[in-house]
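Proteins come first, then strands; the chains are lettered A, B, ... in the order of their sequence lines, and each starts at number 1.
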Amino acid sequence: MPYARPFKLFEDECANLIKSSVSEAMRGAVEDALNRGLETPPYRSMGELAYPCFEVAKVAGLNPRKLAEEISFVISSSGERRFVEKAEAAGEGYVNLYVNHRELAKELFSSIIAFSSEYGLVKTERPLKVIVEHTSGNPVHPLTIGTGRNAIIGDSLVSLLKARGHMVKAHFYVNDVGLQVMIAAYGYSKVKHRIMGGKPDHMIGLVYPMTNAIVEIKGLKERLKAASNDEERANLTKEIDEWVSITYDLRSRDPELFDELLEKISKDEDPRRAISRLNREYEEGVRDAVELVRELCNRVIEGFKETLSRLGVRFDQWDWESEIAVWSGAADTIINKISTLAPWALETQEGALILDVDKVSSNLGVKDEWGLPGKQIPKLTLKRADGTTLYTTRDIAYALWKLERANKVINVIGVEQSLAQLQLKIILKLLQVEDIQNRYVHYAYELVRLPGAKMSSRRGRYIALDDLLNEAVARVHREVEKRGPSLTEEEKREIAEVVGTGAVRFALVNVTPSKTMTFDWDQVINFERNSFPFINYTYVRALGILRKSGFAPTLNVDVAKLIHDYERELVIQMARYPELFVQAAEELRPEILTLFLNRLSELFNSYYEKVNVIRERDEETRKARLMLVYSIKTVLESCTKAINLKMVKKM
RNA sequence: GGGCCCGUAGCUCAGCACGGAUUGAGCGCCGGCCUCCGGAGCCGGAGGUCCCGGGUUCAAAUCCCGGCGGGCCCGCCA
């Protein structure tokens with residue numbers, strides 16, 4: 001079997017040559033420097049790798065430039081070279097190393113043929129059981145642009161880690177406990193006969209804010225009646241006015257639905273009490289309550305699944321908060337365990353149980369160990385005065401549940417939860433979970449802004465992921481209409497769907513998660529460079545060439561025929577791809593691969609413009625070029641597969 | 001008040017964890033290329049005190065300290 005990482009052969013050879021080119025006395029220092037890896041020079045004309053001599057020169061009391069010249073000379077006169085074409089001293093003290101791209105091409109081609117579209121997907125030596133929990137949108141409204149980023153990042157991680165050879169399961173945490181869901185369920189119970197056509201998650205996305213607003217106003221009005229002074233009355237009136245304006249807004253979006261909800265809720269003596277009763281009954285597992293809430297959640301989830309399947313996002317498991325954390329009694333068990341382990345950090349305030357997390361972290365010594373920046377970690381309430389649990393407590397139960405089932409747990413959750421996640425991790429440490437620092441990861445991501453769009457959860461104003469996808473598909477469809485008149489209507493639809501949703505995926509994964517990203521249509525669906533359509537177009541071009549030429553991949557090619565600068569560059573980039581894949585998977589950075597896809601596509605398009613492939617007269621040159629094109633096609637397949645992007649074969 | 005994240009070209013970003021040689025890409029703008037294997041393409045140009053000020057270092061966009069600007073978080077919400 002050929003070696004899976006062609007470029008590594010070159011890198012290893014460089015390291016060996018450098019090591020053996022210095023005197024015994026310097027070898028130790030050189031090895032230390034090499035262990036940190038060689039550098040990539042800033043300009044392509046400076047070779048593929050570089051070794052800076054400054055550090056070693058300083059230790060040995062030598063001039064770095066001189067040392068670089070010496071090393072370069074020894075390497076250049078060495079007969080032990082296969083991949084190193086030449087070594088040159090440069091700058092103030094660099095050894096620049098140039099690869100022999102023909103030898104590299106041989107390795108690349110045999111690797112491509114051996115692994116096909118698995119090329120570059122280097123398997124780990126230590127496969128782990130990994131749970132990636134992502135998306136986990138509350139079942140009271142459709143998935144939004146924000147949960148969309150979560151889903152796409154999460155699914156890319158799942159795909160990346162699977163490709164790396166880990167045993168990965170994608171989990172969705174259904175937050176079916178808590179007041180929000182109960183409000184939605186209460187409203188749903190009044191108007192469920194109306195929710196027939198259309199996507200159920202969108203309907204409930206309207207029922208929930210409507211119900212919430214109606215109940216809020218009713219509650220505020222009662223408080224106004226009982227208000228004892230003018231100031232309080234004025235404040236309440238102001239608040240009521242605000243909510244009334246919200247209900248106008250909401251009603252305009254479906255007057256019949258709103259009116260029926262209002263009429264039915266008004267009949268209830270005390271909606272708030274009905275909602276808390278529902279909450280209590282659900283936590284206790286009373287049958288009617290369970291049936292109602294589950295029916296609601298399942299319908300919303302049905303909508304989620306429909307949306308997610310368009311993006312190719314699949315879950316292995318749906319974990320219900322009620323089952324894992326509440327009905328099982330796990331949350332209470334945890335509270336008891338904390339009471340035994342750290343009674344000194346617990347206090348009771350008006351009946352509520354509070355944990356001094358800061359005290360816990362000092363006591364466990366994690367502040368130093370984890371390099372915690374904050375001096376003071378806020379306290380956390382574990383249990384309400386009425387004995388019911390809180391979200392974070394239930395989340396501890398879920399974290400433990402996941403940690404029992406996997407070596408590593410990755411949670412894709414918004415940055416705004418950073419503090420809660422830190423508190424949770426400290427508690428997990430307190431609960432004596434082994435190696436928690438490495439096993440439990442909060443993979444934080446930032447918000448998505450969409451210029452011109454206003455968001456307000458009280459008004460039920462959000463940017464639905466469905467709308468975003470529809471818009472993307474529509475835009476691609478218009479373009480396909482313009483450019484592909486020979487395609488059938490069905491083909492056009494298929495292309496628009498795959499390329500449109502792919503464009504959204506690409507755009508959302510292309511930006512470093514810790515940055516707030518701006519979603520700009522002209523950027524996402526621009527059909528030019530740095531977009532998914534551009535990459536897919538490149539792939540289709542490569543397929544076209546291969547199809548027309550009738551080329552069958554073969555190792556019987558003369559790599560010496562690859563003399564063009566673009567050919568050399570393409571070979572190097574593709575040979576480096578496995579290194580990038582490993583880095584992306586190890587560092588959980590899928591965006592490294594979207595950047596690579598773009599770079600490779602740009603290179604190929606430039607090449608294609610300058611060099612003939614099919615029309616090349618010289619048979620050997622033609623064959624070598626076709627093998628190169630075949631490699632590009634294969635690498636595009638592998639790399640898109642690694643982050644679960646689907647491409648069309650015709651457009 | 002405290003903590004976290006972000007600040008690089010008009011716009012969107014990459015490079016920063018692990019310091020290294022003249023910072024880069026796309027869009028937009030200006031100017032070229034359809035006798036072409038698919039123009040959803042290609043080539044060229046203009047455009048930057050890498051937020052500011054100190055420090056460490058042979059070397060700072062990158063590390064440290066102090067500011068400034070923006071976002072988020074510090075609930076008996078989830």
Side-chain angles (χ1 to χ4, degrees), chain A residues 36-37 39 41-43 46 50 52-55 57-58 64 90-94 96 138 140 175 177-181 321 349-354 372-392 394-395 414-420 422-423 444 446-447 449 451 476 479-480 482-484 499 507 510-512 514-520 522-531 533-538 540-541 543-546 548-549 587 591-592 595 598-599 602 604-616 625-626 629 650-651:
Chain A
R36 270 175 280 129
E39 286 177 14
Y43 298 94
M46 295 173 169
C53 299
F54 309 102
E55 212 178 299
K58 202 178 178 189
E92 303 291 303
Y94 292 93
N96 286 345
N138 286 346
V140 296
N175 304 118
V177 181
L179 283 179
Q180 235 189 14
V181 179
E321 185 176 8
Q349 248 178 48
E350 294 169 22
L353 190 65
I354 295 166
L372 294 183
K375 293 165 209 135
Q376 187 77 29
I377 298 161
K379 294 177 181 181
L380 180 73
T381 305
L382 295 175
K383 204 177 194 174
R384 289 195 188 93
D386 69 1
T388 55
T389 56
L390 282 119
Y391 175 77
T392 312
R394 298 193 295 267
D395 214 23
V415 266
E416 68 277 5
Q417 298 235 38
S418 292
L419 175 62
L422 176 63
Q423 291 173 322
E446 266 284 359
L447 300 171
R449 279 196 311 262
V476 176
E479 201 67 16
V480 175
K482 250 192 289 180
R483 301 179 197 262
V499 177
N510 196 28
V511 178
T512 306
S514 64
K515 284 196 176 186
T516 48
M517 68 162 295
T518 306
F519 194 91
D520 178 0
D522 295 331
Q523 222 107 244
V524 178
I525 315 280
N526 69 357
F527 305 98
E528 293 177 46
R529 296 168 166 206
N530 210 5
S531 76
F534 174 71
I535 287 155
N536 202 150
Y537 174 72
T538 308
V540 170
R541 268 185 145 175
L543 281 180
I545 295 171
L546 294 166
K548 274 187 196 159
S549 68
E587 297 175 8
E591 71 273 18
I592 289 177
L595 290 163
N598 192 53
R599 197 164 57 236
E602 279 178 358
F604 174 64
N605 280 308
S606 298
Y607 174 61
Y608 180 81
E609 198 76 12
K610 292 275 176 272
V611 178
N612 285 321
V613 179
I614 296 180
R615 294 188 314 171
E616 171 58 40
R625 288 181 179 169
L626 279 167
V629 174
K650 220 171 132 178
M651 65 193 283

> According to the Watson-Crick and G-U wobble definitions, with both distances under 3.5 Å, which nucleotide is paired to B:C36?
Replying inline: none

>> So A:T516, base contact, sugar-phosphate only, or nothing? Heavy-atom distance under 4.0 Å.
In response: sugar-phosphate

>> Strictly by Watson-Crick or wobble contacts shorter than 3.5 Å, is anything paired with B:G1, and which nucleotide is it?
In response: B:C74

>> Using OP1 and OP2 only, check whether a side-chain N or O of A:S418 sits under 4.0 Å from B:C72.
In response: no

>> As a test of reading the structure: which of B:C76, B:C73, B:G39 is closest to the side chain of A:L419, going by heavy atoms?
In response: B:C73

> If you find the nucleotide of RNA chain B closest to A:S606 and the one closest to A:V540, which residue's nucleotide is nearer the 5' end?
Replying inline: A:V540

> Nearest to the side chain of A:R529, which nucleotide is it out of B:G39, B:A14, B:A25?
Replying inline: B:A25

> For B:A25, what is the paired nucleotide under Watson-Crick or G-U wobble rules, both distances under 3.5 Å?
Replying inline: B:U12

> For the pair made of CD in A:Q417 and C1' in B:G3, what is the distance, rounded to whole Å?
Replying inline: 16 Å

>> What's the closest nucleotide to the side chain of A:V613 if the choices are B:C37, B:G15, B:G24?
In response: B:C37

> So which nucleotide does B:G53 pair with, by the Watson-Crick or G-U wobble rule with both distances under 3.5 Å?
Replying inline: B:C65

>> Just confirming the chi classification of B:C34, syn or anti, using 90° around 0 as the syn window.
In response: syn

> What do the steps show when you test A:D520 against A:T518 for side chain to side chain donor-acceptor pair (under 3.5 Å), and what is the final call?
Replying inline: CA-CA 6 Å; A:D520 178 0; A:T518 306; over 6 Å; no

> Is B:A14 in the syn or the anti form, by the rule that syn lies within 90° of 0?
Replying inline: anti

> Does any nucleotide pair with B:C58 by Watson-Crick or G-U wobble geometry, both distances under 3.5 Å, and what is it?
Replying inline: B:G20

> Nearest to the side chain of A:R384, which nucleotide is it out of B:A40, B:C77, B:C37?
Replying inline: B:C77

> In whole angstroms, how far is the C1' atom of B:G3 from the CG atom of A:L380?
Replying inline: 16 Å

> Is B:A46 paired to anything, Watson-Crick or G-U wobble with both distances less than 3.5 Å, and if yes, which nucleotide?
Replying inline: none

> Step by step, would you call A:E479 with A:K482 a salt bridge (Lys or Arg N to Asp or Glu O under 4.0 Å)?
Replying inline: CA-CA 5 Å; A:E479 201 67 16; A:K482 250 192 289 180; 3.5 Å; yes

>> I need the CD-C1' distance between A:E416 and B:C4, as an integer number of Å.
In response: 12 Å

> Any side-chain heavy atom of A:V181 within less than 4.5 Å of one from A:N138?
Replying inline: no

> Quick one: which of B:C13, B:G39, B:C76 gets closest to the side chain of A:M517?
Replying inline: B:C13

>> Can you tell me which nucleotide in B:G15, B:G41, B:C58 comes closest to the side chain of A:R541?
In response: B:G41

>> A:L390 and side-chain contact (heavy atoms from CB on, under 4.5 Å): which single residue from A:L380, A:T381, A:L382, A:L353 fits?
In response: A:T381

> Does A:G544 or A:N510 map to a spot on RNA chain B nearer the 5' end, using the closest nucleotide for each?
Replying inline: A:N510

>> Nearest to the side chain of A:K515, heavy atoms from C-beta on, is which of B:G7, B:A21, B:A25?
In response: B:G7

>> Between P on B:C27 and CD on A:E602, what's the gap in Å once rounded to a whole number?
In response: 8 Å

> Short question: side chain of A:R394, backbone of A:T389 - any donor-acceptor pair under 3.5 Å?
Replying inline: yes

